[in-house]
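Owing to the predicted nature of the structure, the values given are computational and were not obtained by experimental measurement.
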Amino acid sequence: MDPIISLDDLFLDLSHPNPNIRMEACVVMSENYFDEALPRLLELLNDPDPTIYRTAVKGLGVFGHRVLFPLLDLFNTTSNCTVKACCIKAFVQIAVNFPDVIFPEQAITALQLALDDENPVVSQSALMTLGYFSKQEHEKARVIPMLVQVCNSANIAHVQSAVMSLAEVESTQVDKCFASMINTDSTDPLIKEILESSMSRRQSLFGG
């Protein structure tokens, strides 16, 4: 793609049926129109079309860590649950594209807040993001305790997500958490089943 293509044309490409063309447009934006494109990409998170806002989320990931604080501002000020979830999902996209950069504490705080959001789309997005972070060496120390805490939640769906995220994370904290849960009579039978398969999975991955 010619880098002199206009920003308006690049935004038109975000509606293209070919995902490669959509992502190429985002790359060109990030390299040539960062400051002008960023507010428009953030605005697309409000678009009612899922294809558009999902493309915007992936595009923001290409833009990198410079978009984190604008994303946090939007997360903290919007009342739109889909937009909140998109902000959180963009964290994962940034981490995918820039795996060695550590997230600011404010981002982790936002995830903690999102876990308690009454909207399940927001809280599950936070769990998904924490699950991704738990597998990154430089984020483990901050994130694993948060997921372990979720394992004690009264929300079965949250517990299930947290257990499944932690199943493939090597950590004595996780070992202790799972052992405690499976030996507790009040643990939900469905969760015990997931724990049993998760513990078998851990044994095959890490031994012991």
Side-chain angles (χ1 to χ4, degrees), residues 45-46 48 50 53-54 57 60-61 68 71-96 103-206:
L45 298 181
N46 288 284
Y53 65 67
R54 285 172 187 152
V57 166
L60 288 161
L68 271 173
L71 278 170
L72 285 166
D73 287 341
L74 181 57
F75 174 84
N76 289 321
T77 55
T78 185
S79 58
N80 184 316
C81 293
T82 302
V83 174
K84 277 184 181 287
C86 284
C87 291
I88 294 167
K89 288 175 180 175
F91 291 0
V92 173
Q93 295 301 321
I94 293 167
V96 168
F103 277 68
E105 197 60 42
Q106 293 94 321
I108 305 301
T109 301
L111 291 172
Q112 183 82 60
L113 282 172
L115 283 174
D116 297 325
D117 197 284
E118 60 188 23
N119 187 289
V121 174
V122 177
S123 56
Q124 283 292 338
S125 296
L127 278 165
M128 175 203 72
T129 302
L130 289 167
Y132 183 85
F133 283 2
S134 71
K135 295 169 181 64
Q136 294 189 296
E137 282 301 322
H138 57 279
E139 295 293 359
K140 273 184 173 183
R142 291 194 291 181
V143 168
I144 290 174
M146 292 169 68
L147 286 170
V148 166
Q149 192 173 356
V150 173
C151 289
N152 297 311
S153 165
N155 185 319
I156 297 298
H158 283 194
V159 176
Q160 184 175 344
S161 295
V163 168
M164 291 172 76
S165 289
L166 291 170
E168 297 182 2
V169 176
E170 189 171 14
S171 161
T172 54
Q173 276 179 282
V174 178
D175 294 333
K176 288 174 184 172
C177 171
F178 282 11
S180 171
M181 290 174 73
I182 207 158
N183 291 318
T184 301
D185 291 340
S186 59
T187 300
D188 185 274
L190 171 64
I191 298 300
K192 284 201 173 183
E193 281 183 34
I194 295 167
L195 281 164
E196 284 166 6
S197 61
S198 295
M199 289 167 88
S200 298
R201 172 83 174 134
R202 291 175 71 70
Q203 195 160 22
S204 68
L205 284 172
F206 311 124

>> Rounded to the nearest 0.5 Å, what separates atom CD in Glu196 from atom CZ in Phe178?
In response: 12.5 Å
> What pair of heavy atoms forms the shortest contact from Gln160 to Ile191, and how long is it?
Replying inline: N-CD1, 3.8 Å
>> Test your reading of the model: is there a side-chain donor-acceptor pair from Thr78 to the backbone of Phe75, 3.5 Å cut-off?
In response: no
> What's the verdict on side chain to side chain contact (heavy atoms under 4.5 Å, CB included) for Leu190 and Ile194, showing C-alpha distance, side-chain angles and the deciding distance?
Replying inline: CA-CA 6 Å; Leu190 171 64; Ile194 295 167; 4.2 Å; yes
>> Less than 4.5 Å apart, side chain to side chain, heavy atoms only: is that true for Val143 and Leu111?
In response: no
> Would a distance-only check, ignoring hydrogens and angles, find a side-chain to backbone donor-acceptor pair under 3.5 Å from Thr184 to Ser186?
Replying inline: no
> So, the side chain of Thr187 versus the backbone of Asn183: is there a donor-acceptor pair under 3.5 Å, distance only?
Replying inline: no
> Between Val163 and Ser198, which heavy-atom pair has the shortest distance, and what is it?
Replying inline: CG1-OG, 3.7 Å
> So, Ser153 side chain and Gln149 main chain: donor-acceptor pair closer than 3.5 Å or not?
Replying inline: no
>> Could you measure the distance from the CZ atom of Arg201 to the CZ atom of Phe206? Nearest 0.5 Å is fine.
In response: 8.0 Å
>> As an exercise, state the distance from CG of Leu127 to CG of Leu147, rounded to the nearest 0.5 Å.
In response: 6.5 Å
>> Going by the rule salt bridge (charged side-chain N to carboxylate O under 4.0 Å, His left out), which residues pair with Glu118 if we only count those two or more places apart in sequence or in a different chain?
In response: none
> So Asn119 and Lys84, side chain to side chain contact (heavy atoms under 4.5 Å, CB included) or not? Walk me through it.
Replying inline: CA-CA 10 Å; Asn119 187 289; Lys84 277 184 181 287; over 6 Å; no
>> Return the CG to CD distance between Asp117 and Gln124, rounded to the nearest 0.5 Å.
In response: 11.5 Å
> How many angstroms lie between CD in Gln112 and CG in Leu130, if you round to the nearest 0.5 Å?
Replying inline: 8.0 Å
> Any side-chain heavy atom of Leu60 within less than 4.5 Å of one from Leu45?
Replying inline: yes
> Where do Asn155 and Ala157 come nearest, in terms of heavy atoms and distance?
Replying inline: OD1-N, 3.0 Å
>> For the backbone of Lys176 and the side chain of Ser180, can you confirm whether one donor and one acceptor N or O come within less than 3.5 Å of each other?
In response: no
>> For a 4.5 angstrom cut-off between non-hydrogen side-chain atoms, does Met181 reach Cys177?
In response: yes
>> Main chain of Phe103, side chain of Glu139: is a donor-acceptor contact present, judged purely on distance under 3.5 Å?
In response: yes
>> Could you report the tightest heavy-atom contact between Pro145 and Lys140, atom names first, then the distance?
In response: CD-O, 4.0 Å
> How about Leu68 and Phe91: do any of their side-chain heavy atoms sit closer than 4.5 Å?
Replying inline: yes
>> I'd like to know if the side chain of Arg54 reaches the main chain of Cys86, judged simply by a donor and an acceptor atom lying under 3.5 Å from each other, with no hydrogens or angles considered.
In response: no
>> Which heavy atom of His158 sits nearest to which heavy atom of Ser123, and what is that distance?
In response: NE2-OG, 3.1 Å
> Say you draw a straight line from CD1 of Ile108 to CD of Glu105; how long is it, rounded to the nearest 0.5 Å?
Replying inline: 6.5 Å
> Step by step, would you call Leu71 with Ile94 a side chain to side chain contact (heavy atoms under 4.5 Å, CB included)?
Replying inline: CA-CA 11 Å; Leu71 278 170; Ile94 293 167; 4.0 Å; yes
>> Any heavy-atom pair between the side chains of Leu205 and Glu170 that's under 4.5 Å?
In response: no
> Considering residues, nucleotides and ligands other than Met164, do more than 12 of their heavy atoms fall under 6.0 Å from its CE?
Replying inline: no
>> Can you give me the closest heavy-atom contact between Ile88 and Ser125, atom names plus distance?
In response: CG2-O, 3.5 Å
